[in-house]
Structures are given as C-alpha cells and as structure tokens.
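The figures here come from the full heavy-atom set of this structure, side chains too, leaving out hydrogens, waters and symmetry mates.
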Amino acid sequence: EVQSEALALDNWWVEYLITRHSGDSPVWDSIRVVRVKLSGFAFNSDYMTEQLIDLADSQVIDARDVWFDVYDSAEIDDVHAAADRMLSLAEKGFRFCLDHFGTTRSPFYLLKSLPVHMIKIDESYIESLNSSEADEGSAGSIIEVAHYLDKEVLASSVDTAICMQRMKRLGIDHVQGSTIAEYELLE
C-alpha cells in the first residue's frame, strides 16, 4: 500500500511538471530549476523512466532544468537496474539528488552505487548542529566522502548564522533554510 501511494504521488508530480510546463507558462519561465520529489519506488520499473524520456524527447520539458530529489531510496529493489534507469535519464539532461542522506531512508552505500549529482544531508544532522557541535564529525565525514566521489552537497534547515558558519567550515556546497528562499551556493 505504501508503494502504491508513493507511486501515485510520483505520477502526480510528473503530471504537475508537464501541466505547468506546457504552453507558455509565465510561472515556468521565471524558474531557473525545478526540483521534483520522486520516491525510490519510481526506479523499480521502467514506467517512470520511459515517461520522462518521452517528455524530454518531445521537448515538452527541458530536462536540463529538472532535478529529481530521490527520497526513500532504500525502497529501490535493484540498485543496478535503478542506476541504469537514472543513467538513461541523465543522458537526457535530468539530474538527481539523494534526499535524506545519511539515514536508513537513504543508506550510505547508495552514494557510490547511484549516478547522483548531489546529496541532501538529512536535516536531523543539520538541526543538531544548530544547537550542538556533537554531530559535526558525522556531517563532516558525509561531506568529505561525497566530495571525494565528486558529488555536490546540500544542507537544509540552515536557519542560524552559527549553523551557516559551520556549513562553510565543513565545505557544504549549497544551503537552504527558513531564511533562504531557495538553495544557494556557498562561496
């Protein structure tokens, strides 16, 4: 039942993407990048991959403008088949981010196995940094491994100046939080 609900939500997001992009939408034209959440279930069959490839081929959407934030990636049944599906989509220009990274919903081994461009460190790590330095080592290790594998790192829930300074010190590439409208590059 969870899988069917997740797939229904995935299909809704893709339909929404198509609807918002079709025609000359002033909303779409003002957006640089669209981030679409897809569950790990979406990569267990070819259905979603074929639908997205058809959209890219028909030029209904410009795949280079679309990032898929993959949540519940632990639900991927066959990591090698999912990687092949992601590679097919990446060839069209779509990009991927592993969401909730560092939790059981997004296990560490997937960072090496899936062709993702970015990881989003789970907000539980970041939120604890807002009040304590205890998890700084864990977050630092995640960032170091991701950079070693040539992946960008996004931290969400960066809501204080102290946390922002810690993110800069740790080498985070992008941040987002309640005071930041969309993720931005840290320099």
Do you know which two heavy atoms are closest between [X] and [Y], and how far apart they sit?
| X | Y | result |
| --- | --- | --- |
| Leu114 | Ala82 | CD2-CB, 4.2 Å |
| Met48 | Ala42 | CB-O, 3.7 Å |
| Leu170 | Ala139 | CD1-CB, 4.3 Å |
| Ala146 | Val153 | CB-CG2, 3.5 Å |
| Ile76 | Gly40 | CG1-O, 3.4 Å |
| Gly171 | Ile143 | O-CG2, 4.0 Å |

- Query: Only one of Tyr71, Trp67, Phe101, Phe68 forms a ring pair (Phe, Tyr, Trp, His ring centres under 6.0 Å) with Phe96, so which one is it?
  - Reply: Phe68
Rounded distance (nearest 0.5 Å) linking atom [atom1] of [X] with atom [atom2] of [Y]:
| X | Y | atom1 | atom2 | value |
| --- | --- | --- | --- | --- |
| Arg95 | Arg64 | CZ | CZ | 9.5 Å |
| Arg35 | Asp99 | CZ | CG | 8.0 Å |
| Arg85 | Glu50 | CZ | CD | 9.0 Å |
| Gln51 | Ile53 | CD | CD1 | 11.0 Å |
| Asn44 | Asp77 | CG | CG | 4.0 Å |
| Leu52 | Tyr47 | CG | OH | 9.5 Å |

- Message: Under a 3.5 Å distance rule, please check whether Asp46 uses its side chain to pair with a backbone N or O of Thr49 as donor and acceptor.
- Response: no
Spell out, yes or no, whether [X] and [Y] are grouped together once hydrophobic residues are joined by side-chain heavy atoms under 4.5 Å, including indirect joins.
| X | Y | value |
| --- | --- | --- |
| Leu55 | Trp12 | yes |
| Leu149 | Ile121 | yes |
| Leu87 | Leu38 | no |

Answer whether the closest heavy-atom distance between the side chains of [X] and [Y] falls below 4.5 Å.
| X | Y | value |
| --- | --- | --- |
| Phe43 | Met86 | yes |
| Val66 | Val36 | yes |
| Arg166 | Ile172 | no |
| Lys151 | Leu98 | no |
| Lys120 | Ser156 | yes |

- Query: Going by an N to O cut-off under 4.0 Å, is there a salt bridge joining Lys37 and Asp10?
  - Reply: no
- Can a donor-acceptor pair be found between the side chains of His147 and Asp173 at a distance below 3.5 Å? yes
- Between His117 and Glu152, a side-chain donor and acceptor under 3.5 Å: no
- Message: Apply side-chain contact (heavy atoms from CB on, under 4.5 Å) to residues His174 and Met118 and explain how you reach the verdict.
- Response: CA-CA 10 Å; His174 306 276; Met118 179 185 288; 3.4 Å; yes
- Task: Test Gln176 against Val158 for side-chain contact (heavy atoms from CB on, under 4.5 Å), laying out the working first.
- Result: CA-CA 6 Å; Gln176 66 183 163; Val158 177; over 6 Å; no
- Can you establish whether the number of heavy atoms outside Asp54 located under 6.0 Å from its atom CG is more than 12? yes
- Task: Report, as yes or no, whether the 6.0 Å neighbourhood of atom OH on Tyr109 holds more than 12 heavy atoms from other residues, nucleotides or ligands.
- Result: yes
